[in-house]
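Below: the structure, in structure tokens.
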Amino acid sequence: MHRRLIAPGALTASLLLAIPASAASYVPGAPGIGDPYYPAYGNGGYDVSHYDLRLKYQPATDELEGTATLLATTTQDLSRFDLDFLLDVSEVRVNGAQAAFATSGEHELEITPRTPLAKGTAVTVVVRYSGVPSSKQAYGFTSWHRTPDGGVGANEPESAWWWFPSNDHPLDKATYDISVLVPDGSQAISNGTLQSTSSRLGWTRYNWRSNKPQATYLATLAVGRFDLTTGTTESGIPVINAYSKDLGDNYGAARASVERTGEVADWLAGYFGPYPFNALGGYVPNTNTGYALETQTRPFYSPRQFANGTNVSVVVHELAHQWYGDEVSVAGWKDIWINEGFARYAQWLWSEHEDEGTAQELADYVYAVHPADDPFWTVKPGDPGPENQFDLAVYDRGALALQALRNEIGDADFFAVLKGWPTRFAYGNASVADFQAYAEQVSGESLGALFDTWLFQASKPGAPAVRASAVPVPPKSWREIAATNSVHAG
């Protein structure tokens, strides 16, 4: 649901540092984790289990200072490894000893420890850094949003590079402690639970904790002047929401929508199983972006989402991602349907709940409104390519595929699949192929032809499992659902 830019197709070559003959088996970790959509994203040779970020941010100048401590385990014999990062580094330590470091490519921080690291070694990496995030670009764009009262780190598939060093790919999920010092009068919003706040000499520190595995792109930081609201869902989950004080005419609609977060999460639990985290909320900073993002436990919403009034449907979309995208994350970025098709279908289920059109009626309308020669049908939701990763078809055709599955296997098995899937791959990663296999396991049916037709063919299905009306009539909910299409626009 997000801005889309394409990473270059080839990795920047790195100079290999000489290593002692006794350590001939030690080689540099790959400067990419192996995702064909984004070859330079993430890194090889290690797995991070925890990030501890201790930050100081000055809203007036956009200056950020930080010390990041990463706990990791090597997955090969390493002479050197990379982190994905853009800000200016002053010191790196590996297991307490100073390490050499250099930059390469668009966003690589190459780290050479004093001694090579054997496979299976527990590693503590400390990076001290500073910089002005809004001044940094990679591949011609920035994922740091400067606001009148501060800044925001939120984007997909990348945002971490602008504010903390990381292994930036959903395959390497970790827990987080994020501590942020800001001037009194500003607030620092992040993921998870607010552990504590403290003030001293004109500065306030906010300490946030995410205690479940979290992908790097789902980590967020927002500093500004916010109105905060707190509450608890019926199921007992604490809720913290934040609204920029200068949202202007969008303030009321934003608050009227996001304040329903607890209600929507409890409702979604009926379809997807218990809410998977111990914190909940949303935040609306004063950005000029158009998209929303499922930042874990606390989704990001742009003010533009509420420019035409309240929109609970976008809240449904982002909260559905807490199960589909956050609890279970993509194995590779080509598996984006696992995120977006399901979040869109949750909006269709909400429409049913609100008596504003059934999922079948919405499917009928989407199928009918796109003629066979519409480019909509050339996008394959099961593997759309990086240039179409957030195309409307991934959402709407993706939801059509789910309605087709529902019609094929029946409501009992379909909703058993929706609820069982997050548990099956809880806090891990999975692919479209994994989902097909799981749906076949639950239903006892062979579903290869259905998945191929709806997810992998670049043409309009000729014999749909949905019913097309002669004259497309949009269900009542369509206007609100269509208003959320900008969740995948810049």
Side-chain angles (χ1 to χ4, degrees), residues 1-8 12 31-32 35 37-43 53 55-66 68 82-89 103-109 127 129-170 178 180 182 186 188-191 215-224 244 283-295 299-305 333 386-387 389-390 486-490:
M1 1 190 204
H2 329 277
R3 179 215 27 83
R4 174 70 272 108
L5 289 175
I6 305 169
T12 302
D35 193 311
Y37 277 23
Y38 304 100
Y41 287 24
N43 304 284
L53 309 178
L55 311 173
K56 181 179 181 180
Y57 180 75
Q58 177 53 264
T61 58
D62 198 39
E63 293 175 281
L64 178 69
E65 300 173 33
D82 286 16
L83 295 173
D84 301 299
F85 196 45
L86 289 174
L87 297 187
D88 304 318
V89 175
T103 59
S104 67
E106 293 275 350
H107 59 90
E108 300 291 336
L109 174 64
V127 181
Y129 59 92
S130 62
V132 177
S134 60
S135 71
K136 302 294 185 180
Q137 288 197 345
Y139 310 113
F141 68 88
T142 179
S143 287
W144 182 264
H145 313 295
R146 192 77 166 98
T147 63
D149 55 1
V152 178
N155 211 342
E156 181 183 8
E158 68 293 284
S159 65
W161 315 340
W162 283 264
W163 63 286
F164 70 97
S166 69
N167 190 18
D168 191 30
H169 191 277
I178 299 176
V180 191
V182 296
S186 293
I189 308 300
S190 191
N191 312 83
T216 43
Y217 85 95
L218 297 172
T220 192
L221 173 65
V223 177
S244 174
Y283 73 95
V284 190
N286 187 24
T287 64
N288 58 8
T289 58
Y291 59 85
L293 181 64
E294 64 269 21
T295 39
F300 158 87
Y301 302 96
S302 77
R304 233 190 290 173
Q305 296 294 324
W333 282 112
E387 70 282 358
Q389 188 178 353
F390 301 107
S486 63
V487 296
H488 53 83

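Fair warning: this is a prediction, and the values are worked out from it, not measured in the lab. One-based numbering along the sequence shown.
- Summarising the geometry of Pro133 relative to Thr142, their closest heavy-atom pair is O-OG1, 4.2 Å, with the distance given to 0.1 Å.
- Between Phe300 and His145, the ring-plane angle classifies as parallel under the 30° and 60° cut-offs.
- In this structure the side chain of Asp84 never reaches within 4.5 angstrom of the side chain of Pro165, judged on heavy atoms.
- In terms of the side chain to side chain contact (heavy atoms under 4.5 Å, CB included) criterion, residue partners of Ser190 (sequence neighbours excluded) are, by chain and number, Ile178, Trp208.
- Taking CG of Leu86 as the reference point, atom CH2 of Trp162 lies at 5.5 Å (rounded to 0.5 Å).
- A donor-acceptor contact closer than 3.5 angstrom is absent between the side chains of Thr295 and Tyr217.
- In this structure the side chain of Asp149 never reaches within 4.5 angstrom of the side chain of Pro59, judged on heavy atoms.
- Using a distance-only test at 3.5 Å, with no hydrogens or angles considered, no donor-acceptor pair links the side chain of Gln58 to the main chain of Leu64.
- For the pair Leu55 and Leu221, the tightest heavy-atom approach, listed with the atom from each and the gap, is CD1-CD2, 4.0 Å.
- Contact between Ser302 and Thr287 at its shortest, heavy atoms only, is CB-OG1, 4.0 Å.
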Worked verdict on His107 versus Tyr41 for ring pair (Phe, Tyr, Trp, His ring centres under 6.0 Å): CA-CA 9 Å; His107 59 90; Tyr41 287 24; 5.7 Å; yes
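- The closest side-chain heavy-atom distance from Trp333 to Pro170 is below 4.5 Å.
- What you find for Ala219 and Asn191 is that their closest heavy atoms are CA-OD1, 3.4 Å.
- A pairwise comparison of heavy atoms in Ala222 and Tyr283 identifies CB-CE1, 3.5 Å as the closest pair.
- Interatomic distance, Ser159 OG to Asp168 CG, rounded to the nearest 0.5 Å: 7.0 Å.
- Annotation: side chain to side chain contact (heavy atoms under 4.5 Å, CB included) contacts of Ser134 (sequence neighbours excluded): Asp62, Val132, Trp144, Arg146.
- Phe85 is listed as a side-chain neighbour of Tyr129, based on a closest heavy-atom distance under 4.5 Å.
- Pairing each heavy atom of Pro157 with each of Phe390, the nearest pair is CD-CE1, 4.4 Å.
- Between the side chain of Asp35 and the backbone N or O of His169, no donor-acceptor pair lies under 3.5 Å.
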Check against side-chain contact (heavy atoms from CB on, under 4.5 Å), Tyr301 and Leu293: CA-CA 7 Å; Tyr301 302 96; Leu293 181 64; over 6 Å; no
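- In this structure, the side chain of Asp82 does not engage the main chain of Glu108 through any donor-acceptor pair within 3.5 Å.
- Remark: the backbone N or O of Asn167 is not paired with any side-chain donor or acceptor of Asn43 at under 3.5 angstrom.
- A donor-acceptor pair under 3.5 Å links the side-chain atoms of Arg304 to the main chain of Asn288, judged by distance alone.
- With rounding to the nearest 0.5 angstrom, the CG atom of Leu87 is 12.5 Å from the CH2 atom of Trp161.
- Looking at residues two or more places apart in sequence or on another chain, you find a salt bridge (charged side-chain N to carboxylate O under 4.0 Å, His left out) between Lys136 and Asp88.
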Audit row: Tyr38, Gln389, side chain to side chain donor-acceptor pair (under 3.5 Å) steps and yes/no: CA-CA 11 Å; Tyr38 304 100; Gln389 188 178 353; 2.4 Å; yes
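- Contact check for Thr147 versus Val152: side-chain heavy atoms found under the 4.5 Å cut-off.
- Counting only distance, with no hydrogens or angles, the side chain of Ser143 and the backbone of Glu158 share a donor-acceptor pair below 3.5 Å.
- Looking at Asn286 and Ser244, their side chains never bring a donor and an acceptor atom within 3.5 Å of each other.
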